Novice: 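Structure in structure tokens, see below.
Small disclaimer: the values here were computed from a predicted structure and weren't measured. Indexing begins at 1, ligand by ligand and atom by atom, following the structure's order. In what follows, every heavy atom counts, from backbone to side chain, and hydrogens, waters and symmetry copies are set aside. In this chain, residues are counted from 1 in sequence order.
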Amino acid sequence: MNREPRYESQATNHEPQDMVERTLIIIKPDGIHRHLAGEIIGRFEKRGAKIVAAKFMQISEGLARQLYAVHQGKPFFEGLVKYLSSAPILVMVWEAEGVIDMARKMMGATFGYEAEPGTIRGDFSSSRGYNLIHGSDSPKSAEQEINLFFNPDEIINYKLADADWLSGRND
Ligand code: IDP
Ligand code: MG
């Protein structure tokens, strides 16, 4: 019996390698303490993104300052640094075509109480600053943020078994 996906040959001929992006996703301390890591990872898995790196770690204030350097000087900056460095976090790299914007949409608006239902923040956060998840906001910040947490050899290149359906094309 032929178990290959019907459109496999077309899909593999059109793999959009040049459009594949990577983004840095962090499950913040409240996400870990509130037992939401599995829920959040599951959403990315089900959406079809591919996990290519992960580290469970408690970061120093210095690293938190580097991650959020663009917010230095803002009134919430010191609280943000404490929040991120106060407890363990799960730092990941996810890969997919257009994953940077896709992840931002999945996360929802910054303040939990403003985030749309159906988004991660909109479903699980009603807080202003404790909003469960970080995601890079542009290709440039994704590259910088990934380099902050991972050496190149810690990012795994592999092909998902169902890659033809997840990232194949029919155009
Ligand atoms: P983002 O996480 O949606 O990209 P940013 O504006 O980049 O939002 O802010 C980074 C993080 O700083 C937010 O996720 C949130 O945890 C925190 N933050 C931003 N604005 C405030 C604020 O007004 N009060 C408290 N925390 C804030
Ligand atoms: Mg941001």
Novice: For residues N131 and S125, report the shortest heavy-atom separation together with the two atoms involved.
Specialist: CA-OG, 3.8 Å
Novice: What protein heavy atom sits nearest atom 2 (O) of ligand 1, and how far away is it?
Specialist: R121 NH2, 3.0 Å
Novice: Looking only at protein heavy atoms, which one is nearest to atom 8 (O) of ligand 1, and how far off is it?
Specialist: T110 OG1, 3.2 Å
Novice: Ligand 1 versus H71, non-hydrogen atoms closer than 4.0 Å: side chain, backbone, both, neither?
Specialist: side chain
Novice: With side chains defined as the heavy atoms from C-beta onward, is the minimum distance between K28 and H134 less than 4.5 Å?
Specialist: yes
Novice: Locate the shortest heavy-atom distance separating A54 from F150; write the atom from each residue and the value.
Specialist: N-CE2, 3.8 Å
Novice: State plainly whether the residues E61 and K82 are in salt-bridge range, i.e. N to O under 4.0 Å.
Specialist: yes
Novice: Can D162 and K50 be counted as an ion pair, charged N to O under 4.0 angstrom?
Specialist: no
Novice: Does ligand 1 have any atom that is closer than 4.0 Å to a heavy atom of Y68?
Specialist: yes
Novice: For this output row, return yes or no: ring centroids of Y68 and F77 closer than 6.0 angstrom.
Specialist: no
Novice: For atom 17 (C) of ligand 1, what's the nearest protein heavy atom and its distance?
Specialist: L80 CD1, 3.7 Å
Novice: Which atoms form the tightest heavy-atom contact between S136 and E145, and what is the distance?
Specialist: OG-OE1, 2.6 Å
Novice: I'd like to know whether ligand 1 has R128 as a neighbour, heavy-atom separation below 4.0 Å.
Specialist: yes
Novice: What do we get for K28 next to ligand 1 when only non-hydrogen atoms under 4.0 Å count, side chain, backbone, both or neither?
Specialist: side chain
Novice: Show the atoms of ligand 1 that are less than 4.0 angstrom away from any heavy atom in N131.
Specialist: 13 (C), 14 (O), 15 (C), 16 (O)
Novice: So which protein heavy atom does atom 4 (O) of ligand 1 come closest to, and at what separation?
Specialist: R104 NH1, 2.8 Å
Novice: Yes or no: does M107 have any heavy atom under 4.0 Å from an atom of ligand 1?
Specialist: no
Novice: One thing to verify: whether R169 and D171 come together as a salt bridge, which I'm taking to mean a side-chain N less than 4.0 angstrom from a carboxylate O.
Specialist: yes
Novice: Please report which non-hydrogen protein atom sits nearest to atom 25 (C) of ligand 1, along with the residue it belongs to and the distance in Å to one decimal place.
Specialist: F76 CB, 3.6 Å
Novice: For atom 26 (N) of ligand 1, grab the closest protein heavy atom and report residue, atom and distance to one decimal in Å.
Specialist: G129 CA, 3.5 Å
